[in-house]
Amino acid sequence: MSYSKCELCPRLCGVDRSKSVGVCGMSDKPSLARAALHFWEEPCISGEKGSGTVFFSGCSMRCVYCQNRNIATGDVAKEVDTKRLTEIYFELKEKGAHNVNLVTASHFLPHIVESIRKAKAEGFDLPFVYNTSGYERVESLKKLDGLIDIYLPDYKYAISKDAKRYSSCPDYPEVALKAIDEMLRQQPECVIENGIMLKGVIIRHMLLPGKVIESKIAIKKLFDRYGDKVYYSLMSQYTPLPYVADYPEINRKVTEAEYQSLVSYAAELGIEKAFIQTGEAASESFIPAFDFEGV
Ligand code: SF4
């Protein structure tokens with residue numbers, strides 16, 4: 001698990017990140033776009049006081065419809081070291097956070113492991129949330145065993161053709177399932193106290209416009225595999241940003257009818273442990289300003 005011949009994620013670039021970058025676009029120095037309380041996660045993650053969200057710059061997925069493009073491409077990035085990362089965790093706790101929520105952190109895994117160990121050694125006692133695209137290597141996730149309390153993976157695609165077209169990773173459907181298997185091995189039970197999650201796995205699936213059938217296939221696959229051992233979060237917040245113009249089939253918001261069809265199907269399957277979104281189907285308010293706050 002090192003940056004020198006980087007194989008931290010399934011892209012397996014093999015580059016020396018002290019000299020060049022791979023698909024994630026980031027060097028071996030952890031970089032952040034924002035570290036602040038965030039109120040738009042699932043209610044058991046955000047609670048009333050907010051989730052202490054740490055947004056890492058760069059991403060190995062490169063989805064064409066990325067909702068956080070500036071941060072994913074590393075345009076917004078401020079370097080930090082392990083000491084500063086650990087300080088940030090304590091500062092978020094001081095602000096009242098229910099947890100520390102590490103968003104898209106897999107390409108900085110060595111620093112993540114070190115900073116969590118350091119924080120725990122210094123008495124840090126909030127849950128750590130690992131918020132991920134789901135495109136993870138099991139070998140890397142094993143390094144987080146005993147350090148992460150809540151896994152918050154996406155399951156973006158069950159269909160390889162879509163994973164290839166929109167995220168250039170045709171192996172996503174199987175890779176992500178194996179990654180979620182490992183997350184569930186580490187955290188087999190959901191524990192929620194006073195409305196706040198302390199341990200467990202929540203799988204997110206964001207409906208894309210015109211992709212109701214594909215989404216139904218995805219959630220059936222998940223429910224067949226994991227049943228009610230996990231929570232499911234069905235998201236309708238997709239926002240078509242200008243750069244999806246080349247993908248006209250997804251260049252619109254999700255309709256209320258599309259989302260309701262997916263939610264009804266989830267109920268028919270017997271999914272009870274689910275979070276659904278209400279109100280305006282897609283709102284840019286879910287996209288925070290990446291302004292180095294708290295970094
Ligand atoms: S973390 Fe970045 S450089 Fe390493 S394998 Fe993944 S995409 Fe490539």
Side-chain angles (χ1 to χ4, degrees), residues 1-35 53-82 84-85 100-117 128-145 147-148 151-157 160 162-183 186 204 243 290 295:
M1 189 185 68
S2 85
Y3 296 116
S4 58
K5 184 176 175 294
C6 188
E7 295 187 339
L8 290 176
C9 85
R11 297 289 188 192
L12 301 175
C13 300
V15 296
D16 179 350
R17 286 174 55 191
S18 67
K19 300 190 176 84
S20 63
V21 298
V23 175
C24 61
M26 302 309 290
S27 76
D28 57 357
K29 309 280 185 309
S31 299
L32 306 183
R34 182 177 163 88
T53 311
V54 184
F55 288 94
F56 288 84
S57 306
C59 181
S60 61
M61 282 292 283
R62 304 297 175 149
C63 305
V64 298
Y65 52 82
C66 180
Q67 308 284 283
N68 297 327
R69 168 78 50 123
N70 287 346
I71 171 173
T73 55
D75 291 347
V76 185
K78 185 169 169 188
E79 281 184 17
V80 292
D81 57 13
T82 301
R84 179 64 196 131
L85 256 183
V100 166
N101 184 347
L102 306 167
V103 183
T104 319
S106 57
H107 47 292
F108 295 121
L109 195 72
H111 283 89
I112 297 299
V113 168
E114 209 182 321
S115 62
I116 297 178
R117 284 202 181 125
F128 279 96
V129 182
Y130 193 74
N131 189 329
T132 165
S133 67
Y135 197 52
E136 299 273 356
R137 290 189 74 191
V138 170
E139 295 84 342
S140 294
L141 291 171
K142 284 185 186 295
K143 307 290 182 192
L144 295 168
D145 197 358
L147 299 177
I148 296 296
Y151 281 101
L152 199 50
D154 293 336
Y155 189 63
K156 292 175 183 293
Y157 312 105
S160 176
D162 285 346
K164 182 176 180 201
R165 176 165 171 76
Y166 301 122
S167 301
S168 308
C169 49
D171 57 347
Y172 180 95
E174 288 310 310
V175 166
L177 282 182
K178 285 187 183 137
I180 295 170
D181 288 350
E182 170 60 18
M183 296 173 198
Q186 292 181 26
R204 288 174 162 173
Y243 35 76
F290 293 112
V295 180

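In listed order, ligands and their atoms are each counted from 1.
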Under 3.5 Å side-chain donor-acceptor pair for Asp154 and Tyr135: no
Side chain Arg17, main chain Ser4, donor-acceptor under 3.5 Å: no
Residue pairs involving residues 3-23 (criterion ring-ring contact (aromatic ring centres under 6.0 Å, His included); sequence neighbours excluded): Tyr3-His111
Donor + acceptor pair across side chains of Ser167, Tyr157 (<3.5 Å): yes
Under the side-chain hydrogen bond (donor to acceptor under 3.5 Å, both in side chains) test, residues paired with Asp181 that sit two or more places apart: Arg225, Tyr226
Residues which pass side-chain contact (heavy atoms from CB on, under 4.5 Å) with Glu174, listed by chain and number, not counting sequence neighbours: Leu177, Lys221
Ligand 1 versus Arg17: contacting region, heavy-atom distance under 4.0 Å: side chain
Residue and atom, protein N/O/S, under 2.8 Å of atom 6 (Fe) of ligand 1: Cys9 SG
